[in-house]
Amino acid sequence: PGEHQSMSTFAWLDRKGNKEYLGLPRREYGTFRLSPDDRYLAFTVTDGPQQRIFVHDFDTGVDAQLTSDGFKNCPIWSPDGKVLVYTGGTGTVRDILAQPIDMSWEPIKLTEGFFTGIFLANDHFLIWDFDDLTAVRLENMEGPYKVNQTETLKEGNFAGPALSPDGNWLAFSRVETEKGGWGIYVSPYPELDSHTQISKSGGEDPLWNPNGKEIIYRSMGGGLPSQNSDSWGTKFYSVEVSYKSGFKASTPKVLFEGPYINAPGYSWDISSDGERFLLLENKKHQAEPVAELVVISNFFDLLREKVPTE
């Protein structure tokens with residue numbers, strides 16, 4: 001019967017093109033995130049109607065299953081690397097839950113939303129639903145989290161928010177009204193009163209280099225690699241940025257490309273030193289040239305001539 005078309009495996013890729021596989025089995029992986037110190041990897045696995053979250057420990061090589069039932073997705077790490085916040089459910093309004101990786105307290109529902117975004121500080125994180133960008137402020141950070149306040153920061157087509165290391169700039173995807181599709185923009189944070197487009201031909205899932213001098217994003221699209229790789233998120237672009245005298249960005253350049261799956265939410269990440277990229281590779285579905293198609297007219301007449309019947 002073969003395997004599901006979105007089966008993949010984790011691979012590290014460095015800036016010189018060297019590749020190293022994690023050794024995890026081929027499975028139907030989805031969104032994932034590295035912990036702030038690169039020690040852990042939180043990832044999702046789809047198994048029929050279930051999607052579960054696991055945590056891989058790079059030091060021991062052990063995988064721990066964090067969630068046991070239902071559809072859990074989009075894990076993000078707290079800044080101290082002790083808690084995961086993730087979504088539960090499949091509808092347009094989903095539960096936003098928090099759970100410590102040491103299981104010291106039970107998972108708790110914080111609020112409702114569509115996608116988790118990123119922690120902005122020790123006590124608040126972003127969620128988004130294509131219409132609004134919302135900050136969720138927390139209290140009781142030493143024990144089970146408790147929501148202190150939710151605040152809509154901005155309305156209108158925000159996706160995949162990523163905060164600069166200095167906390168002053170927010171990169172995100174938004175719909176390009178004139179062109180269609182998504183593009184990458186940067187706004188001052190928390191004002192969000194202006195934005196600068198840094199992509200030239202669409203893009204999504206931006207991340208900052210931890211040095212603060214580079215934004216990397218993937219080409220627009222989702223799913224598996226195809227021949228038109230730029231429409232399936234298999235190209236990754238690098239943009240050099242500076243903000244000493246206002247925000248400035250270089251022209252995007254292709255950093256690398258390959259048969260890397262683009263699952264809904266973030267399905268790539270960058271190491272804390274900015275030198276390696278964690279990806280979901282699907283070699284089996286790598287783009288291949290189209291073979292020449294030969295059309296034969298009256299095939300069965302020709303076949304009878306070659307192989308006469310008695």
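- Between the side chain of Thr87 and the backbone N or O of Asn73 there is at least one donor-acceptor pair closer than 3.5 Å.
- One N or O on the side chain of Thr31 and one on the backbone of Cys74 form a donor-acceptor pair closer than 3.5 Å.
- Pairs engaging residues 11-23 under the salt bridge (Lys or Arg N to Asp or Glu O under 4.0 Å) rule: Arg15-Glu214, Arg15-Glu275, Lys19-Glu281, Glu20-Arg276 [sequence neighbours left out].
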Show your working on side chain to side chain donor-acceptor pair (under 3.5 Å) between Thr134 and Asp132 and close with a plain yes or no. CA-CA 6 Å; Thr134 302; Asp132 298 316; 5.4 Å; no
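- Within a 6.0 Å radius of CD in Gln149, more than 12 heavy atoms belonging to other residues, nucleotides or ligands are found.
- Residue Tyr145 shares its hydrophobic cluster (ILVMFWY side chains chained together at separations under 4.5 Å) with Ile76, Val83, Val85, Ile96, Trp105, Ile108, Leu110, Phe119, Phe125, Ile127, Val136, Leu138, Met141, Val147.
- Between Arg39 and Asp57 a salt bridge is recorded (basic side-chain N to carboxylate O distance below 4.0 Å).
- A perpendicular orientation is assigned to the rings of Trp208 and Tyr243, their planes being inclined by more than 60° (bins at 30° and 60°).
- Other cluster members for Phe71: none, since no ILVMFWY side-chain heavy atom sits under 4.5 Å from it.
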Starting from the C-alpha separation in whole Å, work towards a yes-or-no answer on side chain to side chain donor-acceptor pair (under 3.5 Å) for Ser271 and Asp38. CA-CA 7 Å; Ser271 61; Asp38 285 352; 4.7 Å; no
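- Annotation: ring-ring contact (aromatic ring centres under 6.0 Å, His included) contacts of Phe43 (sequence neighbours excluded): Phe10, Tyr29, Phe54.
- Remark: Gln65 CD is packed, more than 12 non-hydrogen atoms of other residues, nucleotides or ligands lying under 6.0 Å away.
- Between Asp102 and Lys82 there is no salt bridge, since no side-chain N of the basic residue sits under 4.0 Å from a carboxylate O of the acidic one.
- Distance alone, capped at 3.5 Å, is enough to place a donor-acceptor pair between the Arg218 side chain and the Tyr260 backbone.
- Using modelled atom types and a 3.5 Å distance limit, the side chains of Thr46 and Gln51 yield a donor-acceptor pair.
- Applying the side-chain hydrogen bond (donor to acceptor under 3.5 Å, both in side chains) rule to Ser242 yields no partners; only residues at least two apart in sequence or on another chain are considered.
- Within 6.0 Å of CD on Glu112 lie more than 12 heavy atoms contributed by other residues, nucleotides or ligands.
- Grouped by direct or indirect side-chain proximity (heavy atoms under 4.5 Å, Ile/Leu/Val/Met/Phe/Trp/Tyr only), Leu97 sits with Tyr40, Ile53, Val55, Leu66, Trp77, Leu84, Tyr86, Ile101, Met103.
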